[in-house]
There are 2 protein chains.
Amino acid sequence: MGSNFSVAEENYIKAVYHLQKPGAIVTTNELAAELQTKAASVTDMLKKLKQKKVLNYEPYRGFNLTTEGRKAALGIVRKHRLWEYFLVEKLQFGWDEVHEVAEELEHITSKKLIDKLDAFLDFPRFDPHGDPIPDVNGKMQVQHDISLNDLPVNTPAEVSSVKDQSSELLDLLKHKNISIGSRLQVTRKFGFDQSIELRIKDIAAPVNISLQLAQVLYVKPL
Amino acid sequence: MGSNFSVAEENYIKAVYHLQKPGAIVTTNELAAELQTKAASVTDMLKKLKQKKVLNYEPYRGFNLTTEGRKAALGIVRKHRLWEYFLVEKLQFGWDEVHEVAEELEHITSKKLIDKLDAFLDFPRFDPHGDPIPDVNGKMQVQHDISLNDLPVNTPAEVSSVKDQSSELLDLLKHKNISIGSRLQVTRKFGFDQSIELRIKDIAAPVNISLQLAQVLYVKPL
DNA sequence: AAATAAATTTAGACAAATCTAAAAAATAAT
DNA sequence: ATTATTTTTTAGATTTGTCTAAATTTATTT
Ligand SMILES: [Mn+2]
Ligand SMILES: [Mn+2]
Ligand SMILES: [Mn+2]
Ligand SMILES: [Mn+2]
């Protein structure tokens with residue numbers, strides 16, 4: 001009954017969770033790429049995880065998580081994101097630095113630890129990148145955010161998440177005075193380079209956003 | 001140059017550090033007992049750690065840490081005790097619950113994490129059991145505390161550490177209103193069972209301490 | 001429908017960390 | 001000084017997770 005997975009198994013479970021889209025199936029090569037390992041290694045692990053009833057898997061047919069597997073994945077994601085929140089909010093890390101550390105912290109086994117950490121942090125619902133944090137039952141807020149690219153002109157919206165965690169992106173956003181929670185509105189869209197001009201609430205000067213930037217900036221229309 | 005040890009190696013290094021007394025040597029069986037493993041496994045690891053220049057080791061002759069090894073050990077002890085402090089002071093764990101969790105957390109590799117945690121905790125110098133926390137350079141306060149058994153009658157002293165981390169001990173200490181930092185003074189010693197009567201500062205009623213309790217309660221004469 | 005290419009699995013090997021049982025060395029006892 | 005006991009090391013296996021190279025299956029072209 002008690003889930004008892006190794007670090008390697010947990011990393012596989014989480015990776016499948018992140019790759020899998022509703023209805024669809026994950027492939028061996030996709031998973032190998034995600035985990036920076038070889039397809040043969042993935043196949044070995046798939047057999048083990050199938051045995052442990054974490055995966056639905058038929059050779060050559062692809063795979064996805066069972067209900068058990070998704071539960072396990074949500075537990076790992078919960079830990080990962082709570083630790084990221086802790087690192088940024090309490091230890092003053094930048095959000096470009098926390099992923100690697102959380103990649104290790106997410107494997108600490110104590111359930112009591114993570115629930116007490118959750119309480120200490122006052123039950124945050126989103127991590128520093130705007131991704132939702134599963135609660136103690138695995139429930140999390142559904143994100144209906146869209147790429148800034150898809151936000152219509154003159155629609156007030158709030159920056160809700162970033163799909164890239166590089167320090168280069170953080171650097172650019174800082175320079176443009178944009179962070180998660182910023183209110184903004186697209187004022188113009190330029191067909192030539194698909195760049196965007198927008199106005200940020202309480203800031204006079206208009207801001208220019210490249211296609212590349214708009215692609216990774218997600219917003220929630222208000 | 002950067003130390004790069006596996007979890008197993010780190011556990012061995014720390015165990016040798018804890019077993020080793022100045023000048024003396026540690027034996028294979030002692031280490032096997034400490035780590036709850038077999039002597040054969042210890043020998044295997046000793047050879048590896050000697051190769052990595054962590055240990056001075058000659059077959060059949062015992063071993064102890066090199067300067068490099070002690071430096072590594074202090075780094076692990078620092079992490080272990082800082083995490084214990086965090087768990088008790090920030091997450092409201094009891095000091096009987098933290099050791100196991102810290103046993104995992106001490107292996108998280110980020111140096112930045114531990115230094116930021118140190119700052120967040122305001123650079124504590126002692127962990128919840130009264131053991132000194134090495135600073136960023138491995139320096140720590142020397143403890144000149146003695147067993148309550150060895151405290152002379154009528155000598156004011158302060159409880160400084162406990163040599164046992166069981167919940168049974170914590171339970172007993174709570175019941176007797178004793179915690180780390182308590183001021184006390186031995187009023188009588190009884191030869192029959194080597195029990196001790198003492199008075200705690202600001203508490204009227206005298207308290208009786210068994211031999212077993214006095215052995216694990218350490219105090220610093222004021 | 002073959003032939004070719006791509007994806008996946010299998011076979012066999014390896015490193016890390018552990019174990020049991022046997023051999024060897026060091027200590028202690030006669 | 002032998003003999004017996006204890007401690008330590010070696011030999012050989014095992015588990016976990018990984019890899020390369022070869023075989024197999026599936027998908028895509030011709
Ligand atoms: Mn991880
Ligand atoms: Mn995140
Ligand atoms: Mn440990
Ligand atoms: Mn401690």
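Basis for what follows: all heavy atoms, side chains included, without hydrogens, waters or symmetry-related copies. Convention: sequence-line order gives letters A, B, ...; per-chain numbering from 1.
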Protein heavy-atom contacts under 4.0 Å, written 5' to 3' over nucleotides 18-25 of chain C as B (base), S (sugar-phosphate only) or - (none), form the string BBB---BS
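A cation-pi arrangement is absent between Lys47(B) and Tyr57(B) under the rule of less than 6.0 angstrom and at most 45 degrees off the ring axis. Judged by the 6.0 Å distance and 45° axis criteria, Lys50(A) is not positioned over the aromatic ring of Phe63(A). A cation-pi contact links Lys90(A) to Phe120(A), judged by a cut-off of 6.0 Å to the six-membered ring centre and 45° from its axis.
Going from atom CD of Glu58(A) over to atom C1' of dT9(C) covers 14 Å, rounded to whole Å. Distance NZ (Lys50(B)) to P (dT8(D)): 16 Å, rounded to an integer number of Å. As a whole-Å value, the separation of Asn11(B) CG from dA16(C) C1' is 14 Å. Residue Leu46(B) contributes atom CG, which lies 13 Å from atom C1' of dT7(D) at whole-angstrom precision.
The stretch residues 21-32 of chain A has no heavy atom under 4.0 Å from DNA chain D, so no residue of it qualifies as close.
The shortest distance between the side-chain N/O atoms of Arg61(A) and the OP1/OP2 oxygens of dT26(D) is below 4.0 Å. One finds no side-chain N or O of Lys47(B) lying less than 4.0 angstrom from the OP1 or OP2 phosphate oxygen of dT9(D).
Partners of Asp115(B) under the side chain to side chain donor-acceptor pair (under 3.5 Å) rule, at least two apart in sequence or in another chain, are Arg78(B), Lys111(B). Residues forming a salt bridge (Lys or Arg N to Asp or Glu O under 4.0 Å) with Lys112(A) (at least two apart in sequence, or on another chain): Glu97(B). Residues that satisfy the salt bridge (Lys or Arg N to Asp or Glu O under 4.0 Å) test with Glu100(B), not counting sequence neighbours, are absent from this structure. Not counting sequence neighbours, Lys53(B) has no partner by the salt bridge (Lys or Arg N to Asp or Glu O under 4.0 Å) test.
By the 4.0 Å N-to-carboxylate-O rule, Lys52(A) lies close enough to Glu9(A) to be salt-bridged with it. Under a 4.0 Å N-O distance rule, the pair Glu106(A)/Arg81(A) does not qualify as a salt bridge.
Using a 4.0 Å heavy-atom distance criterion, Tyr57(A) is classed as a sugar-phosphate-only contact.
Along DNA chain D, the nucleotide nearest Ser6(A) and the nucleotide nearest Pro59(A) are compared for position; the residue whose nucleotide lies closer to the 5' end is Ser6(A).
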